[in-house]
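Report on one structure; see the data block that follows.
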Number of protein chains: 2
Amino acid sequence: MKFNKTTEYAFRILSYMAIEESRSYSVDEIFEKLHIPYRYLRKLMTNLSKSNFLYSIQGKNGGYKISGKLEDIKLLNLIEVVDPDYLVSNCFFGIENCSRESTCIMHDQWDGVRTHINTILANTSLADIKQGNNQNKIVLNTFHSLKT
Amino acid sequence: MKFNKTTEYAFRILSYMAIEESRSYSVDEIFEKLHIPYRYLRKLMTNLSKSNFLYSIQGKNGGYKISGKLEDIKLLNLIEVVDPDYLVSNCFFGIENCSRESTCIMHDQWDGVRTHINTILANTSLADIKQGNNQNKIVLNTFHSLKT
DNA sequence: CTTATATAATACCTAGAGGTATCATTTATG
DNA sequence: CATAAATGATACCTCTAGGTATTATATAAG
């Protein structure tokens, strides 16, 4: 039931950058704080700016900023871009033609789970995460990793 | 949130074999009814009998039978064997040291989802699936595939 | 205008889940 | 007891998410 790595990374990156939403963050800084493989992080940051969650400032003293208001960026929006397959209505049994006309026995229950997850993701914005962050919750780990 | 292929296969196999719980099923028959890659299915059947959900009858006219009572075999038992990682309490953000002492902001909500899924899996036995099967629900698809 | 420091683009590598292929073993039956 | 029809064991192949490496481009600032 867990997300793929890329989604976890994206969630952590944006959650971290939400702490001081208006300033810019370099890849190096994010790398120091979150522990995401350096070069993969670079690639992911580029993707996140291509998909307009961030915008990039190139050249010396460059970096990335969150684009848009925190309360408008829901986790659901992120996962839609980063792992669009995640919320596709897959049949519990993996049956291809399990649809509304003739559903498998687990269909309704599984739909309940899907809705549950969907609701959480749709109702949690970066603003919510930022706020939770001020209540001795951790959003990120502070491991220090080495560049590779 | 979806299961891996092997889990889906295992669910379908056992659900199918529950229809006539007391007779034996050959790999060939299961292959004809469910559409699971033939040789992978063979391997999986052997694993399922090694882990005692099935027992195998070797030699001519051989096959597999479900071992034990349908109501005692919960989907949870199956997934525990076939994909033990699935229900491990992974942090929402993939943070390694997110634990009870200091949890991430999504911890409780994510735990709710985990419990939801867990409850479904723990409360659904092969007997339940068999019963649902008698109410114009599909448990299996009837595609006919070719051996490879 | 050169240099240092940042991101962008692109191509390649790797491990593991899923899938194949081959040969060995068991056993019912003529 | 020979054969056919089943499962068992084992080794290999393949595709993709995740991870690396290298080169190109942008820009602040001395």
Side-chain angles (χ1 to χ4, degrees), chain A residues 2-13 17 23-32 34-67 79 81-86 90 94 145-148, chain B residues 2-13 17 23-32 34-67 79 81-86 90 94 145-148:
Chain A
K2 63 177 200 167
F3 303 112
N4 64 22
K5 291 272 185 196
T6 307
T7 305
E8 292 176 351
Y9 293 163
F11 283 174
R12 279 159 60 194
I13 292 166
M17 294 178 69
R23 79 168 168 91
S24 98
Y25 293 78
S26 71
V27 169
D28 277 45
E29 175 183 356
I30 295 173
F31 170 75
E32 298 292 335
L34 312 178
H35 84 177
I36 298 169
Y38 188 70
R39 293 169 189 278
Y40 196 66
L41 173 60
R42 294 265 312 264
K43 190 157 49 170
L44 182 49
M45 294 302 284
T46 322
N47 291 343
L48 290 172
S49 57
K50 274 186 185 160
S51 41
N52 292 113
F53 290 105
L54 307 176
Y55 65 90
S56 75
I57 302 140
Q58 289 195 47
K60 193 170 175 178
N61 302 331
Y64 299 87
K65 275 188 195 172
I66 289 182
S67 73
I79 204 170
V81 163
V82 142
D83 182 16
D85 278 2
Y86 187 80
N90 295 297
S145 309
L146 294 173
K147 291 189 199 180
T148 46
Chain B
K2 65 174 201 170
F3 304 111
N4 63 24
K5 292 272 186 197
T6 308
T7 304
E8 291 176 353
Y9 292 163
F11 284 173
R12 279 159 61 193
I13 292 166
M17 294 177 69
R23 79 169 167 90
S24 99
Y25 293 76
S26 71
V27 168
D28 277 45
E29 176 183 356
I30 295 173
F31 171 76
E32 298 291 335
L34 312 178
H35 84 179
I36 297 170
Y38 187 71
R39 293 170 189 277
Y40 196 66
L41 173 60
R42 293 264 314 263
K43 190 158 47 172
L44 183 49
M45 295 301 284
T46 324
N47 291 342
L48 289 173
S49 57
K50 274 186 185 160
S51 42
N52 293 113
F53 291 105
L54 308 177
Y55 65 91
S56 75
I57 302 140
Q58 290 196 50
K60 191 168 177 179
N61 303 330
Y64 299 86
K65 274 188 196 173
I66 288 181
S67 74
I79 203 169
V81 163
V82 142
D83 182 16
D85 277 3
Y86 188 79
N90 295 296
S145 309
L146 293 175
K147 292 188 199 181
T148 48

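Labels below follow one simple rule: chain letters A, B, ... track the order of the sequence lines, proteins then strands, and each chain is numbered from 1.
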Side-chain N or O of B:T6 closer than 4.0 Å to phosphate OP1/OP2 of C:dG18: yes

Length of the NZ-P vector between A:K2 and C:dA17, whole Å: 11 Å

Separation of C:dA6 P from A:R39 CZ (nearest whole Å): 15 Å

A:E29 CD to C:dT5 P, straight-line distance once rounded to whole Å: 17 Å

Distance, rounded to the nearest Å, where B:D83 contributes CG and C:dG16 contributes P: 15 Å

Qualifying residues under ring pair (Phe, Tyr, Trp, His ring centres under 6.0 Å), relative to A:Y25, sequence neighbours excluded: A:Y16

Between OH on residue B:Y64 and OG on residue B:S49, distance to nearest 0.5 Å: 5.0 Å

Sugar-phosphate only, base, or nothing, as touched by B:Y9 at under 4.0 Å among non-hydrogen atoms: sugar-phosphate

Nearest-0.5 Å distance, OH of residue A:Y38 to NZ of residue A:K43: 14.5 Å

Atom pair distance, as rounded to whole Å: OH in B:Y40 and C1' in D:dC13: 14 Å

Distance, rounded to the nearest Å, where A:R23 contributes CZ and C:dA6 contributes P: 13 Å

A:K5 side, atom NZ; A:L44 side, atom CG - distance, nearest 0.5 Å: 13.0 Å

Contacts of B:Y86 that satisfy ring pair (Phe, Tyr, Trp, His ring centres under 6.0 Å) - sequence neighbours left out: B:F3

Axis bend over the full length of the helix from C:dC1-D:dG30 to C:dG30-D:dC1, computed from five pairs that close each end, to 10 degrees: 10°

Contacts of B:N61 that satisfy side-chain hydrogen bond (donor to acceptor under 3.5 Å, both in side chains) - sequence neighbours left out: none

Distance in angstrom units between A:L41 CG and D:dA21 P, rounded: 15 Å

Nucleotide C:dA6, atom P - distance to OH of A:Y55 in whole Å: 18 Å

Reported CZ-to-CD distance for the pair A:R23 and A:E29, which is rounded to 0.5 angstrom: 4.0 Å

Tabulated below should be each protein N or O lying under 3.5 Å from an N or O of nucleotides 5-11 of chain D; please produce it.
from: D:dT7; atom 1: OP1; to: B:V27; atom 2: N; distance (Å): 3.0
from: D:dG8; atom 1: OP1; to: B:S56; atom 2: OG; distance (Å): 2.8
from: D:dG8; atom 1: OP2; to: B:T46; atom 2: OG1; distance (Å): 3.4
from: D:dG8; atom 1: OP2; to: B:Y64; atom 2: OH; distance (Å): 2.6
from: D:dG8; atom 1: N7; to: B:R42; atom 2: NH2; distance (Å): 3.0
from: D:dG8; atom 1: O6; to: B:R42; atom 2: NH2; distance (Å): 2.8
from: D:dA9; atom 1: OP2; to: B:K50; atom 2: NZ; distance (Å): 3.4

For A:T6, side-chain hydrogen bond (donor to acceptor under 3.5 Å, both in side chains) partners two or more places apart: A:Y40

Minimal non-hydrogen separation, A:I13 against A:L41, with atom names: CD1-CD1, 3.5 Å

